[in-house]
Amino acid sequence: MQKLEIRGGRKISGTITISGSKNATLPILASTILTNKKIVIKNVPVVKDVETMSTLLSELGSTVKFNQKRKKIEIFNKQKLKTFAPYNFLKTMRAGVLVLGALLTKYKVAKVALPGGCAIGSRPIDIHLNALKKMGAKITIKDGYVVASAKKGLKGCKIKFPKISVGATENILIAACFAKGITKMRNCALEPEIDDLISFLKKIGCKINKIGKRSIDVCGVKNLKKAVHKVIFDRIEAGTYIIAAALTKGRLRIKNIDPKIMLTEINLLRKMGVDIVTKKNYLIARRLDKLKSVNIETRPYPGFPTDLQAQIMVLMIIANGVSTIRENIFENRFMHVSELRRMGAQIETKGNRAKIFGKGKLNGAELMATDLRASVCLVLAGLVPSNKTVVNRIYHLDRGYEKIEKKLSKCGAKIKRFR
Ligand code: UD1
């Protein structure tokens, strides 16, 4: 079990280049199943989930070349792909379920492992399945697999999602590209990663129209084109490093980003007292004064992202006053709280609410990471005290953060990986 050892108390200052977004790369990779033309995807983050999705596509029969040095993936589907996505790919990466819409719409059958629950909640896929059924799919669950077929192909129809879901919006968007007629999707998620998927799908020839708030119309097509696409930056990684600078009174230049896409997070951090200067494709973050408490709620985009909730909690611990968090997206996303308490933080939780008592002192401790964002929150917390913090079970971290210890040590952190 790999672990990270951190000795904090040092300013995190310098320049950090933000990687491409994992959450944009995964659906784009899944959607390449649709086409038989050559696809080149650039600015791909070299993280475990992307490797897993690439391996899944190879397993299905795609020719996938992942040039990790150049952060580029080339994909070419020479032959008919297999329509079976085994469990070992979905047990660590729930986004594997995104191949369902693509396989089913292209080959009219698909058997994809049902992703299990995970630490942050039960995370069902009922919204994905009900929408596919409405498009004409026959779906059964057998031995832990989703077995789906649509003999005559999927049919466009009106789909109003009962709840805003990023994954369901993506899966249906992809499926609709080859469905007969028009699919009118309503109450869609609006995450920038979905915009990136739409921009990729349009490049390969899909007909997609965003028509006002949370509405997307997709007109099915038959033939697709080759394309080169550069993935958008990872706004959660960018937010994480802004918090690192603020926590340690450092000064970071965060580049390869578009600050306009993360205004909610930037404004909230400014409200807490973080000085952030934004430019076209970078920002500079530093902490001048004492931090102030805030109250936040996580919401679908453009609201405050649940994926940054654990990280901002660490900032709340050292701010003045009492802050509160209401987690509205996942029912069990406070797994990091017990570990932060072991470092001395005073946090009360009740259901989906957390009360964070500020002016806290964090002490180094041996900790256990439970999920991706919880892991990075523990790394951030470890940057504060000058004594040693050890974060165990960091494979979660490697699923979504590219070279985190390299990026941080380049900016002054004392952080080491033990294998
Ligand atoms: C995606 C992101 C994840 C982020 C989350 C919310 C990727 C690869 N992952 O996950 O990092 O935290 O969005 O921004 O992009 N739900 C159902 N039934 C469904 C689908 C979802 O009840 O069929 C519920 C979920 O349990 C959750 C909520 O809807 O409570 C939102 O989940 P969703 O937006 O689908 O998250 P993911 O796409 O899994």
Side-chain angles (χ1 to χ4, degrees), residues 20-31 44-45 47-50 52-53 56 89-90 92-101 112 114-134 139 141 146 159-175 185 187-197 214 231-232 234-237 239-240 262 264-265 297-312 326-336 351-352 371-377 396-397 399-401:
S21 160
K22 161 184 89 73
N23 286 357
T25 306
L26 296 176
I28 289 173
L29 283 176
S31 75
V44 170
V47 294
K48 193 80 192 114
D49 273 6
V50 170
T52 308
M53 183 63 96
L56 170 58
F89 293 97
L90 278 94
T92 55
M93 182 199 58
R94 294 180 42 84
V97 79
L98 295 173
V99 302
L100 176 63
V112 174
L114 204 54
C118 66
I120 62 173
S122 61
R123 301 185 79 174
I125 55 161
D126 55 319
I127 302 174
H128 305 229
L129 301 186
N130 289 336
L132 290 171
K133 281 183 192 164
K134 206 162 175 217
I139 297 181
I141 306 291
V146 178
I159 289 166
K160 184 161 190 244
F161 294 110
K163 185 176 181 181
I164 296 169
S165 158
V166 174
T169 302
E170 292 166 343
N171 227 341
I172 301 311
L173 189 57
I174 297 168
M185 299 165 59
N187 202 28
C188 299
L190 297 173
E191 267 61 7
E193 295 74 27
I194 294 177
D195 273 343
D196 205 35
L197 171 66
R214 300 206 179 278
V231 172
I232 53 158
D234 191 323
R235 62 196 165 100
I236 305 300
E237 191 196 16
T240 302
M262 44 187 301
T264 303
E265 299 90 303
E297 281 192 45
T298 61
R299 292 255 173 237
Y301 193 84
F304 191 85
T306 174
D307 285 352
L308 208 58
Q309 179 258 105
Q311 299 90 312
I312 199 142
R326 188 171 162 169
E327 170 56 58
N328 291 313
I329 310 291
F330 292 109
E331 70 267 27
N332 194 18
R333 211 172 198 181
F334 286 141
M335 304 287 285
H336 43 287
N352 68 339
D371 67 76
L372 174 55
R373 308 301 169 184
S375 315
V376 86
C377 122
H396 291 291
L397 200 61
R399 286 186 38 223
Y401 281 86

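Order of appearance sets the numbers: ligands from 1, and atoms from 1 within every ligand.
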What heavy-atom pair brings Ser31 and Leu197 nearest, and what distance separates the two atoms? OG-CD1, 3.9 Å
Is it the side chain (CB and beyond), the backbone, both or neither of Glu193 that lies under 4.0 Å from ligand 1, heavy atoms counted? neither
Under 3.5 Å, is there a donor on one side chain and an acceptor on the other for Ser375 and Tyr401? no
Hey, is Arg333 touching ligand 1 through its side chain, its backbone, both or neither, going by heavy atoms under 4.0 Å? side chain
Any salt bridge between Glu193 and Lys22, counting N to O under 4.0 Å? no
Region of Ile127 engaging ligand 1 - heavy atom pairs below 4.0 Å: both
Any N or O of Ser165 that comes nearer than 3.5 Å to an N or O of ligand 1? yes
Is there a polar contact between ligand 1 and Asp126, counting only N or O atoms under 3.5 Å apart? yes
Under 3.5 Å: donor-acceptor pair, side chain of Arg214, backbone of Cys188: yes
Look at atom 31 (C) of ligand 1 and find which of Asn23, Ile329, Thr298 reaches it with the closest heavy atom. Ile329
Do you know the tightest heavy-atom contact between Gly101 and Asn171? N-OD1, 2.9 Å
Nearest-0.5 Å distance, CZ of residue Arg299 to CZ of residue Arg326: 6.5 Å
Any nitrogen or oxygen of Glu331, main chain or side chain, under 3.5 Å from a nitrogen or oxygen of ligand 1? no
Could you state the interatomic distance from CG (Asn328) to CZ (Arg333), rounded to the nearest 0.5 Å? 12.5 Å
Heavy-atom contact check, 4.0 Å cutoff: does Pro124 meet ligand 1? yes
Distance-only N or O hit between ligand 1 and Gly167, under 3.5 Å: yes
Short N/O distance, under 3.5 Å, between Val166 and ligand 1? yes
Within the distance-only criterion (no hydrogens, no angle test), does the side chain of Asp196 pair as donor or acceptor with the backbone N or O of Ile232 below 3.5 angstrom? yes
Atom indices of ligand 1, in the order listed, that fall short of 4.0 Å to a heavy atom of Ile125: 19 (C), 23 (O)
Nearest non-hydrogen atom to atom 14 (O) of ligand 1 belongs to which of Thr306, Asn328, Thr25? Thr306
